[in-house]
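Small disclaimer: the values here were computed from a predicted structure and weren't measured. Computed from heavy atoms alone, side chains included, the values below leave out hydrogens, waters and symmetry copies.
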Amino acid sequence: MVICYMHQRWCRMDERARAVLLGMAVGDALGLPWEGLGPSGVRADQEGWRTFLGRGVVSDDTEHAYLTYRAWRASGGDLERFRTELAGRLRWWFLALPPGIGLGTTRSLVKLCLGWSPARSGSTSAGNGTVMRAPVLGVLVPEENLQAWVEVSSVITHRDARAVEGAWVVAWLARLVRDGGTRRGALERVVADVEGDLLGRRLQEVLEAEGVATAELVAGWGLRGGVTGFVDDTVPAAVHLWLRHDELSEGVREAVRLGGDTDTVAAIVGGLIGASGGLPSGDDLAQLQDRPLSADVLGAGEVELPWGRSLIRNLALLPRIVWHLMVRRFG
């Protein structure tokens, strides 16, 4: 573990943040090859648990979590500096042409690159793009400041109140278990403060259905084709999986089997289990050979995402992703 003796608190990689980032990366990498398929498609096409292109390629879920960690670290605890740092990192990340990002996030980052303030750049989307940045904030930011930090992080890309609240729910759950709370106790506390009708109702159902299979629960919400990127679909499904699984590998694999937005749901499950102290298996970590975000980089947290290498990596991946999608759809 590398320690900077000036501003020591902000220069040391927090062990729980390490677990969150690695858990998210494993979920992201396992879910990416099956994104957009329904549950039956995942079961039919799955060949073991090989990751995309035979190695652990990660997507925007892991990258946003890591960028958030780096922005927090650079901020020194100052919220406005965090806003500036995160917005700047997201601009450069977007200019490296990452494939497969959501429409709401794309619109927001175009506005950022055109000069919009990060306080005004967010779209009105209620997508789950905010949630991928939430677990790492939950384990890093004290509870009394957490809501403000989550809101600043969220509105850069999503101003819809549902997207902000979904991110806050995940971040607060991560904080509460980080502070020693039980998972069920944390969820009971969070549910009492949820304002969104649909999100509150579904999280209450999650509390009452801890012994029910997640696939059965989400089917009751009408999500038979898989969990969508709508934040009020993603968050309750991920939270239910987190309640059911102590073992990270089991949790993220069940998330993938649900179908739909498999990489994001599995990444959030992995992040929450990491916040609870769970770690990926050595076999899963060995698959994370993506560059520039491999397991060793994520585990150390010492490296900024290099723009040039990210651009080369994304351009090299693009034709293979298009080929993969064509084979999956028509092959």
Participant: Is it the case that the side chains of Arg73 and Tyr69 hold a donor-acceptor pair, with the cut-off being a distance below 3.5 Å and no angle test?
Facilitator: yes

Participant: List the steps and the verdict of side chain to side chain contact (heavy atoms under 4.5 Å, CB included) for Trp168 and Asp193.
Facilitator: CA-CA 11 Å; Trp168 167 79; Asp193 282 344; 3.8 Å; yes

Participant: Rounded to the nearest 0.5 Å, how far apart are CD of Glu80 and OG of Ser75?
Facilitator: 11.0 Å

Participant: Please determine, by modelled atom types, if Gln147 and Glu151 share a side-chain donor-acceptor pair under 3.5 angstrom.
Facilitator: no

Participant: Can you see which heavy atom on Leu248 is nearest to which on Gly274, and at what distance?
Facilitator: CD1-N, 4.3 Å

Participant: Consider only side-chain N and O atoms of Arg291 and Ser294, and report whether a donor and an acceptor are under 3.5 Å apart.
Facilitator: yes

Participant: Salt bridge between Arg183 and Asp246, side-chain N to carboxylate O under 4.0 Å?
Facilitator: yes

Participant: Among Glu250, Glu216, Glu254, which residue satisfies the salt bridge (charged side-chain N to carboxylate O under 4.0 Å, His left out) criterion with Arg244?
Facilitator: Glu254

Participant: If you take all heavy atoms of Gly251 and Ile273, which pair is closest and at what distance?
Facilitator: CA-CD1, 4.3 Å

Participant: Between Ser154 and Arg159, is the side chain to side chain donor-acceptor pair (under 3.5 Å) condition met? List the steps.
Facilitator: CA-CA 7 Å; Ser154 299; Arg159 289 187 290 111; over 6 Å; no

Participant: For a 4.5 angstrom cut-off between non-hydrogen side-chain atoms, does Tyr66 reach Val297?
Facilitator: yes

Participant: Under 3.5 Å, side chain of Thr105 to main-chain N/O of Ile101, donor-acceptor pair present?
Facilitator: no

Participant: Rounded at 0.5 Å granularity, tell me how far CG in Leu22 sits from CG in Leu288.
Facilitator: 7.5 Å

Participant: With side chains defined as the heavy atoms from C-beta onward, is the minimum distance between Leu199 and Pro236 less than 4.5 Å?
Facilitator: yes

Participant: Check whether any side-chain heavy atom of Leu86 lies under 4.5 Å from a side-chain heavy atom of Pro118, and answer yes or no.
Facilitator: no

Participant: Salt bridge check: are Asp160 and Arg162 linked by an N-O gap of less than 4.0 Å?
Facilitator: yes

Participant: Are the side chains of Thr106 and Phe94 in touch, meaning some heavy atoms are under 4.5 Å apart?
Facilitator: yes

Participant: So, do Leu241 and Leu258 sit near enough that their side-chain heavy atoms are less than 4.5 Å apart?
Facilitator: yes

Participant: Identify which one of Val177, Thr214, Val206, Ile268 satisfies the side-chain contact (heavy atoms from CB on, under 4.5 Å) criterion when paired with Trp242.
Facilitator: Val177

Participant: Show the nearest heavy-atom pair for residues Gly31 and Val256, with the distance to one decimal.
Facilitator: CA-CG2, 3.7 Å

Participant: Identify the heavy atoms of Trp172 and Glu143 that sit nearest to each other, and give their distance.
Facilitator: NE1-OE2, 3.3 Å

Participant: With a 4.5 Å cut-off on side-chain heavy atoms, are Val58 and Leu32 touching?
Facilitator: no

Participant: Check Glu195 with Arg201, please: is the shortest side-chain N to carboxylate O separation under 4.0 Å?
Facilitator: no

Participant: What distance separates Asp28 CG from Asp60 CG, expressed to the nearest 0.5 Å?
Facilitator: 7.0 Å

Participant: Quick one, Leu37 and Thr262 - any side-chain contact, counting heavy atoms below 4.5 Å?
Facilitator: no

Participant: Please determine if Glu63 and Arg313 form a salt bridge, counting it only when a charged side-chain N lies under 4.0 Å from a carboxylate O.
Facilitator: yes

Participant: Quiz question: by atom type and distance under 3.5 Å, do the side chains of Glu205 and Trp221 form a donor-acceptor pair?
Facilitator: yes

Participant: List the steps and the verdict of side chain to side chain contact (heavy atoms under 4.5 Å, CB included) for Leu109 and Trp93.
Facilitator: CA-CA 9 Å; Leu109 296 184; Trp93 174 81; 3.6 Å; yes

Participant: Is the ring centre of Trp72 less than 6.0 Å from the ring centre of Phe82?
Facilitator: no

Participant: Under 3.5 Å, is there a donor-acceptor pair linking the side chains of Ser281 and Asp283?
Facilitator: no

Participant: Of all heavy-atom pairs between Ala17 and Leu140, which one has the smallest distance, and what is that distance?
Facilitator: CB-CD2, 3.9 Å

Participant: Looking at CZ of Arg189 and CG of Leu173, how far apart are the two atoms once the value is rounded to the nearest 0.5 Å?
Facilitator: 10.5 Å

Participant: Can you measure from CD (Glu304) to CZ (Arg70) and round to the nearest 0.5 angstrom?
Facilitator: 4.0 Å

Participant: Does some side-chain heavy atom of Val269 sit less than 4.5 Å from a side-chain heavy atom of His245?
Facilitator: no

Participant: Closer than 3.5 angstrom, by distance alone: can the side chain of Ser125 be matched with the main-chain N or O of Gly127 as a donor-acceptor pair?
Facilitator: yes

Participant: Heavy-atom count check: over 12 atoms from other residues, nucleotides or ligands less than 6.0 Å from Arg184 CZ?
Facilitator: yes

Participant: Tell me the closest heavy-atom pair linking Val231 and Gly166, and the distance in Å.
Facilitator: CG2-CA, 3.9 Å

Participant: With distance as the sole criterion, is a donor-acceptor pair present between the side chains of Asp233 and Thr228 under 3.5 Å?
Facilitator: yes

Participant: What distance separates Glu85 CD from Asp78 CG, expressed to the nearest 0.5 Å?
Facilitator: 10.0 Å

